[in-house]
Every structure is written in C-alpha cells, then in structure tokens.
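These values consider heavy atoms only, across backbone and side chains, with no hydrogens, waters or symmetry-generated copies. If you're wondering where the values come from, they're calculated on a predicted model, not measured in any experiment.
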Amino acid sequence: MGAVNQKKDVIRLERESVIPILKPKLIMTLANLIEHSTDRAEFLKLCKRVEYTIRAWYLLQFEDLMQLYSLFDPVHGAQKLEQQNLSPEEIDILEQNFLTYLFQVMEKSNFKIATDDEIDVAHSGQYLLNLPITVDESKLDQKLLKKYFAEHPHENLPEFADKYIIFRRGIGIDRTSDYFIMEKVDIMIARLWAWLLRKTRVERLLRKSSTRPKKDQRQDDEIFREAEQHEFFVERIRIDNLEFSLRNLLSKITIQEPTFDRMIVVYRRASTQSNERGIFVKHFKNIPMADMEIVLPEKKNPSLTPMDWVKFLGSAIVGLVAVVGSLDMPQADLWVMFAILSTVIGYCAKIYFTQVLSYLSLMFQQNMAAYQNLITQSMYDKQMDSGKGTLLHLCDDVIQQEVKEVIISFFILMEQGKATLQDLDLQCEELIKEEFGESCNFDVDDAVQKLEKLGIVARDTIGRYYCVGLKRANEIIGTTTEELVLKAKQGAVTS
C-alpha cells in the first residue's frame, strides 16, 4: 500500500446507551457465571418472566401506535381515513398523537435527533458517495412537524426540523480499501479550481453568508486532552483530506469513516389534496457520517462533479475546434466557391453545431442517469425497511433493550450486593466491557425504575439499592400468561 501523507481529522463522539449484545448471548453468559445449578435455573426463569412482563407493559401502547399509523400509511392510509369519516380537526389530533407515540418509542429505543453539527459533518466532505446531494424542500410538507415541535419543544433542533427529522443511533466504523483513481482526480481538479478562485479573488464573490456559525469539525487540539467518561475519539480518513502526487495517484489507499448504525427519517410530502396525509418512516443501516445525505428525503438531481465538468468543457472545446477547422479552406478556393457554397456552408455549420450540442446534452443526461442509479443502489443497500415494518422493528427493539438493562442491573445487585445508583451504573458498564468487550453509556435510571416497578429491587434507609433472592423474585412476578400457554401446549402434545 502506497504511503500517502494526510492531515489528522479526528472527531469526538458520545458513547451510546444501546447495549450492543444479543439478548440470548447476554443471558447465557450471565447464567454461566452463576455457580449453583438451581440458582442458574431460577435466573433463566426470571429472565423469561422479566421479558414477558415488560412486553405486556408496552403491548397497549404499541397497539395504539400501529393503529394510528394505519391511518397515515402512505399506501393505504387515505382509504382508511375516508372510512372513518373524520373531520380535518380530528385527523390533526390523531396525527399529532401518532407523532407523540413515535417520538416516545424513539426515545425509549435510545434514538437521538440528528443536530445541525452532525449534518455539517456530512456536508463538509465525502466518503464513498462523491456527489453533491440536496433536498428539494418544495416537495416536503412544512406544517406537520412544525406543529408537533410547537407543542412539544425539543432542545438543539436542526434547521430543517419543520420539514423532516433524522433520528440516529449507534456508532461504528467503516473502512474501505481501493485505488479510488477517479475520486482522486476529482479532488485534484476541485483543489485546482479552488486555488484559481482564491488567486483571482472570485471566491469572495461566490462565498455565501451563513445564517449560523459553523464549528470546525477537526479536533486535533483535543486529541491529547483527557476525554470525558462517556466520550471517545474516532479518526476520519477521507480522500478529500489526503495529499496526492503523481507518484501516489495510482497507489491503493484505505479510507475510514465513523458510521451511524441505524438512521430513521420521518417526513410528509407536500400535497395540494386534503386527503393526502401519508407520513413516511424510513429505516437505514450503517450510514457513514460523511455520506449522511443518502438518507435525505426528496433529493434533487445531483450536480456534476469536477471531473464531469472537465469532460463536458473539453468536449465543447473539441467540438468548436472541429467546426472552425472544417471552415479553414484555401483563400483562392474560398473566393471562387463563395457565391455557390455560402448557403451550403452555413447550413452545414448549423447542423454541425446542433450535433455538438446534442452530443453534450446526451453526455450530461447520461451522467445524471448514472448518478441517479448510484444513489438508488446506495439507498437499496442501506435501507432496512419502511413504514409498518420499521415501527414493528422499533417496538421489539425497545423491549429487547429494556430487558437487557433490567437483567444486567439485577445480576450486578445479586452478585455484588447493595450499591448506590452511581456505583451500579459503573459496575454494569464494567461487566459489559469485561465479559463482552463492548462499551456503552448504561442507562441505569431507566433500569432501576423497571426493577422497582417489578417489585424485585428496593432501597435501604441511606438510598442504596438491593435486590430480593432469585426464588423470591420469581414468586413476586408470578407465572405469566406466556408460561401458561406454553404449559398448555406441552400438555396437548403429551396427551
């Protein structure tokens, strides 16, 4: 791999509250840490009862969410709204109720709203998708979300919050090794063009004033500072930050970019028809931060890259030179033939220019079609689901996360004894790190609330938390409906 000099580009990220461990693996690993087989069996029984109970708690809320969404499903929602025979005011209330439930599920599933600073990261450079992508805001409704946030204020909302909302969760790293020859050429042309603009001072005329100050995404000066407890640093290695020469232009390089593990976009299309109430909910996976534009709704056709402009202008120059060359005839012949061929030459020139322009137009259209296909393919690879499928996934995800939080917290109290809330939080994070090699910002408050609601954890006189014994915990929760159904099925099979 060729050596390529580069500038350090490091960003600081906050650790997520998501527990990135599959629930079966978590339960079996913790169960195997229990010494006595009887206690192990009681622990496994408790894990099942905890999950069944938490699932039952959320059942009614999730049913309401799915029923409401059925009215605003972009495919069949309009028909169901007509069947309900509701007034516009009643529909407004229902759609706001749906958004309220949706935002609650997002919060419980540890999704966060993408901020302007995070969007700036996407616009500050490219990773694999080297295309300038923007939103056609005229195609988006601007009333639905604006009304919701007016009634439910949120801090640090992005500028586009009245048109669409992007939720994100989970942090990962994507690495890609390739030669990226055309991308390197694009960057070199763009840098040359920027240099020319600076030298001619045209850059000052083209520079647009920003409505808000933008932060410098580079954190070089903070690398050596002590990171806060729930923060970590990730280095970004992008093509547009590398230094190229003719020597390393053909070298293979490895680029690296932090990713959002999951992203969900919520929006409504603009419509002049009153019955068009569809709300779009789209779910994406493993989105590089610098390519975040891929999840944007209602994208405009991408503009040409620097390399495309070179090809376009080069073809135009070649065509013009060819036209001029075709008219370069000996002077004597031109005088003799002028009277006869003047009309023919003019006509031929017109045809020739038309062909050149048609060729350039065709080349432009072909590039645009290729870029649309690239965006479509990228979205196809990254999109997980949409609409009802996304909501069902979210509902199950909430349950899985809360079950894992409760099980880990109970296990720590069972093994370590009494603990303050802060100590419990620290010990849960250490357990996840030691046993599974994963790091997260454990949501201890929510876990303890669930344990207290279950009645299997309490506080002593000085505020320390403690749990009841395993057998007593199973007695307090009691036999669940799911267990009765399983026993009935087993009885039917044996009989």
Side-chain angles (χ1 to χ4, degrees), residues 16-34 37-66 101 104-111 169-170 262 389-415 424-425 428-429 431-432 435-436 438 440 442-458 465 467-490:
E16 299 284 323
S17 298
V18 181
I19 302 175
I21 309 163
L22 293 176
K23 185 192 65 185
K25 180 180 179 181
L26 173 72
I27 292 175
M28 292 310 301
T29 301
L30 297 182
N32 290 332
L33 295 176
I34 299 175
S37 59
T38 53
D39 291 339
R40 195 179 306 124
E42 289 289 339
F43 177 76
L44 293 174
K45 181 193 293 186
L46 177 66
C47 291
K48 289 183 179 179
R49 291 187 173 183
V50 164
E51 179 174 0
Y52 294 152
T53 305
I54 291 177
R55 191 177 294 275
W57 287 348
Y58 281 108
L59 180 61
L60 294 178
Q61 180 181 347
F62 290 163
E63 282 187 353
D64 289 342
L65 175 68
M66 301 307 296
Y101 280 131
Q104 288 175 355
V105 171
M106 289 292 188
E107 183 179 0
K108 286 292 184 182
S109 193
N110 296 311
F111 275 87
R169 192 191 73 183
R262 297 288 182 268
T390 296
L391 297 181
L392 289 171
H393 179 88
L394 281 172
C395 293
D396 184 68
D397 197 52
V398 169
I399 294 170
Q400 299 299 317
Q401 286 296 320
E402 301 225 340
V403 168
K404 287 186 284 188
E405 290 172 357
V406 168
I407 290 173
I408 292 174
S409 299
F410 185 89
F411 180 85
I412 289 295
L413 292 175
M414 178 183 70
E415 293 292 314
L424 179 60
D425 185 26
C428 289
E429 292 177 359
L431 174 69
I432 295 172
E435 295 296 331
F436 305 97
E438 300 285 354
C440 74
F442 192 82
D443 191 359
V444 70
D445 296 289
D446 191 52
V448 167
Q449 289 177 8
K450 293 289 187 300
L451 287 167
E452 289 182 312
K453 188 176 180 181
L454 287 167
I456 58 179
V457 162
Y465 289 91
C467 67
V468 301
L470 278 170
K471 189 173 182 178
R472 178 58 182 156
N474 280 317
E475 291 174 354
I476 291 173
I477 296 177
T479 305
T480 61
T481 304
E482 288 80 0
E483 288 177 290
L484 294 176
V485 171
L486 288 174
K487 288 181 180 179
K489 284 184 177 181
Q490 291 173 355

| Shortest non-hydrogen contact from Ile21 to Lys404? | O-NZ, 2.7 Å

| remark: Residue set satisfying side chain to side chain contact (heavy atoms under 4.5 Å, CB included) with Glu63, at least two apart, ordered chain then number -> Leu59, Leu60

| Partners of Leu486 by side chain to side chain contact (heavy atoms under 4.5 Å, CB included), sequence neighbours excluded? | Tyr52

| query | Can you list every pair that meets salt bridge (charged side-chain N to carboxylate O under 4.0 Å, His left out) and has a residue in residues 18-33, with sequence neighbours left out? | reply | Lys23-Glu51

| Glu435: salt bridge (Lys or Arg N to Asp or Glu O under 4.0 Å) partners, not counting sequence neighbours | none

| field | Partner set under salt bridge (Lys or Arg N to Asp or Glu O under 4.0 Å) for Asp396, not counting sequence neighbours | value | Arg55

| task | Take Leu30 and Leu26, measure what side-chain contact (heavy atoms from CB on, under 4.5 Å) needs, and give me the verdict at the end. | result | CA-CA 6 Å; Leu30 297 182; Leu26 173 72; 4.0 Å; yes

| Check: Glu16 main-chain N/O paired with Asn110 side-chain donor or acceptor under 3.5 Å | no

| request: State, to 0.1 Å, how close Met66 and Leu391 come at their nearest heavy-atom pair, and which atoms those are. | output: SD-CB, 3.7 Å

| message | List the residues meeting salt bridge (Lys or Arg N to Asp or Glu O under 4.0 Å) with Glu415, not counting sequence neighbours, and say none if there are none. | response | none

| task | Go through the structure and list residues passing side-chain hydrogen bond (donor to acceptor under 3.5 Å, both in side chains) with Asp397, not counting sequence neighbours. | result | Ser109, Arg169

| note | Closest heavy-atom pair, Val468 versus Phe410, reported as atoms and distance to 0.1 Å, is O-CZ, 3.6 Å

| query | How long is the span from the CD atom in Gln449 to the CG atom in Asp443, to the nearest 0.5 Å? | reply | 8.5 Å

| request: Please round to the nearest 0.5 Å and tell me the distance separating atom CZ of Arg472 and atom SG of Cys467. | output: 13.0 Å

| task | Nearest 0.5 Å please: distance from the OG1 atom of Thr29 over to the CG atom of Leu431. | result | 9.5 Å

| field | From CZ (Arg40) to CD1 (Ile34), nearest 0.5 Å | value | 7.5 Å

| said: Whether Arg49 and Glu483 form a salt bridge (side-chain N of Lys/Arg under 4.0 Å from carboxylate O of Asp/Glu) is what I want to check. | reply: yes

| query | What pairs with Lys450 under salt bridge (Lys or Arg N to Asp or Glu O under 4.0 Å), at least two apart in sequence or on another chain? | reply | Glu402, Asp446

| remark: Separation between CD (Glu42) and CE (Met414), nearest 0.5 Å, reads 11.0 Å

| Partners meeting side-chain hydrogen bond (donor to acceptor under 3.5 Å, both in side chains) with Gln61 (sequence neighbours left out) | Gln104

| message | Could you go through Leu454 and Ile476, starting from their C-alpha distance and side-chain angles, then the distance that decides it, and tell me whether this counts as side-chain contact (heavy atoms from CB on, under 4.5 Å)? | response | CA-CA 8 Å; Leu454 287 167; Ile476 291 173; over 6 Å; no

| Any residue meeting side-chain hydrogen bond (donor to acceptor under 3.5 Å, both in side chains) with Glu405, in chain and number order, not counting sequence neighbours | none

| request: Evaluate the criterion side-chain contact (heavy atoms from CB on, under 4.5 Å) for residue pair Leu451 and Tyr465; output intermediate values, then yes/no. | output: CA-CA 10 Å; Leu451 287 167; Tyr465 289 91; over 6 Å; no

| Is Val50 close to Leu46 at the side-chain level, that is, under 4.5 Å between some pair of heavy atoms? | yes

| Gap between atom CD of Glu475 and atom CG of Leu470 - 0.5 Å precision | 11.5 Å

| message | Applying side-chain hydrogen bond (donor to acceptor under 3.5 Å, both in side chains), can you list everything that pairs with Ser409, at least two apart in sequence or on another chain? | response | none

| request: Please lay out, stage by stage, how Ile408 and Phe411 fare under the test side-chain contact (heavy atoms from CB on, under 4.5 Å). | output: CA-CA 5 Å; Ile408 292 174; Phe411 180 85; 5.7 Å; no

| message | Heavy-atom count check: over 12 atoms from other residues, nucleotides or ligands less than 6.0 Å from Leu33 CG? | response | yes

| query | What is the minimum heavy-atom distance between Ile477 and Ile456, and which atoms define it? | reply | CG1-CG2, 4.3 Å

| query | With a 4.5 Å heavy-atom cut-off, do Ile19 and Phe442 have their side chains touching? | reply | yes

| query | Who pairs with Cys395 by side chain to side chain contact (heavy atoms under 4.5 Å, CB included), at least two apart in sequence or on another chain? | reply | Phe62, Leu65

